[in-house]
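Just so it is clear, the structure is predicted and the values come from calculations on it, not from any experiment.
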Amino acid sequence: MSRLFKISGLILLYFLTCGKSCDNQEQFDATTEQQRVKTGTDSLHTAFGSDTLSPTALQAFSVTAKVKFSDLFDYMRILNDSNAAEPFRDKAEVMIHSLFQSENSVFQLMNPDNSVCEEVPVKQLFSGKTSLAGFGPVVSDSIRIVVAPDRLGNGTYIGKLSYRNIRQGTKSTGTANPERCSVNLEFLITKHDKIFGPDTLSIWEVFLGRKE
């Protein structure tokens, strides 16, 4: 009987010790996860939360602006494709909206002599009646940065993109290739609030167009 009590006591002690060990492990895991999140958040602050951008960072954001400019024309083709399923067209419109911080921005269509031949408001992109729809596929490598991003007084950087292409459905008159046209558009590098887990961080982000 005494031996039975001893065995029962050992079993009870084992479970009590095991339970305490499991609790300690859970606490350790929770602490480790909190530390991991904190480390990741601190890294984001360091990488993207600085008040100024280095020349290398500006160059990287300029490349991002070129990619977004190329994406814009891809979304526009889907939006203006009457054969595309409605959910795809709706999603394309949402994606176009996400590229801009302000719909008051305008595209400048430039003649070969670099004079402005037309200005297209961003709002017109959603009407289906924009001359920008006449441009073919745009490759990001063919987009130029004509004005490098420069810092404004409010801590925002402004640059300008340009893409030269032949508008579809136009014919040359044999003189100055009037069908050849450039599209100029400013881009914005600015701080933008992003939610990361329980935290909201103000990080740098690229938008097409210029906030008015």
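- Rounded to the nearest 0.5 angstrom, F69 CZ and S162 OG are separated by 7.5 Å.
- In this structure, L109 CG and E119 CD are separated by 9.5 Å, a value rounded to the nearest 0.5 Å.
- Shortest non-hydrogen contact noted between F88 and I78 is O-CG2, 3.7 Å.
- Between I96 and L72, some side-chain heavy-atom pair lies under the 4.5 Å cut-off.
- For Y75, there are no ring pair (Phe, Tyr, Trp, His ring centres under 6.0 Å) partners two or more places apart in sequence or in a different chain.
- The shortest heavy-atom contact between K68 and V206 is NZ-O, 2.7 Å.
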N/O donor to acceptor pairs below 3.5 angstrom from side-chain atoms of residues 54-65, sequence neighbours left out:
unit_1 : atom_1 : unit_2 : atom_2 : d
S54    : OG     : A57    : N      : 3.2
S62    : OG     : L58    : O      : 2.8
T64    : OG1    : A60    : O      : 3.2

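- Among all heavy-atom pairs drawn from K66 and I143, the shortest one is CE-O, 3.0 Å.
- Listed by first and then second residue, the side chain to side chain donor-acceptor pair (under 3.5 Å) pairs involving residues 88-98 are H97-E103 (not counting sequence neighbours).
- For F100, the ring pair (Phe, Tyr, Trp, His ring centres under 6.0 Å) criterion is met by no residue, not counting sequence neighbours.
- Considering V122, N184, L161, L208 as possible partners of F107, the one that fulfils the side chain to side chain contact (heavy atoms under 4.5 Å, CB included) test is V122.
- With sequence neighbours excluded, the residues satisfying side chain to side chain donor-acceptor pair (under 3.5 Å) with T190 are T156.
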What do the steps show when you test N104 against K123 for side-chain contact (heavy atoms from CB on, under 4.5 Å), and what is the final call? CA-CA 7 Å; N104 294 325; K123 295 177 182 179; 3.8 Å; yes
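- In this structure, NZ in K160 is found 5.5 Å from CD in E186, a value given to the nearest 0.5 Å.
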Could you give me the CA-CA distance, side-chain angles and deciding distance for M110 and V116, then say whether side-chain contact (heavy atoms from CB on, under 4.5 Å) is met? CA-CA 5 Å; M110 314 296 292; V116 178; 3.7 Å; yes
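- Once rounded to the nearest 0.5 Å, the distance linking CZ of F207 with OG of S102 reads 11.0 Å.
- Side-chain contact between K191 and W204 is present, with at least one heavy-atom pair separated by less than 4.5 Å.
- For the atom pair CZ of R144 and CZ of R164, the computed distance is 6.5 Å after rounding to the nearest 0.5 Å.
- Both L185 and F126 are assigned to one and the same hydrophobic cluster, defined by single-linkage of ILVMFWY side chains at heavy-atom distances under 4.5 Å.
- Remark: D71 pairs with no residue by the side chain to side chain donor-acceptor pair (under 3.5 Å) rule, at least two apart or across chains.
- Scanning all heavy atoms of the two residues, the minimum distance from L125 to L79 falls at O-CD2, 3.6 Å.
- Contact between Y157 and R151 at its shortest, heavy atoms only, is OH-NH1, 3.2 Å.
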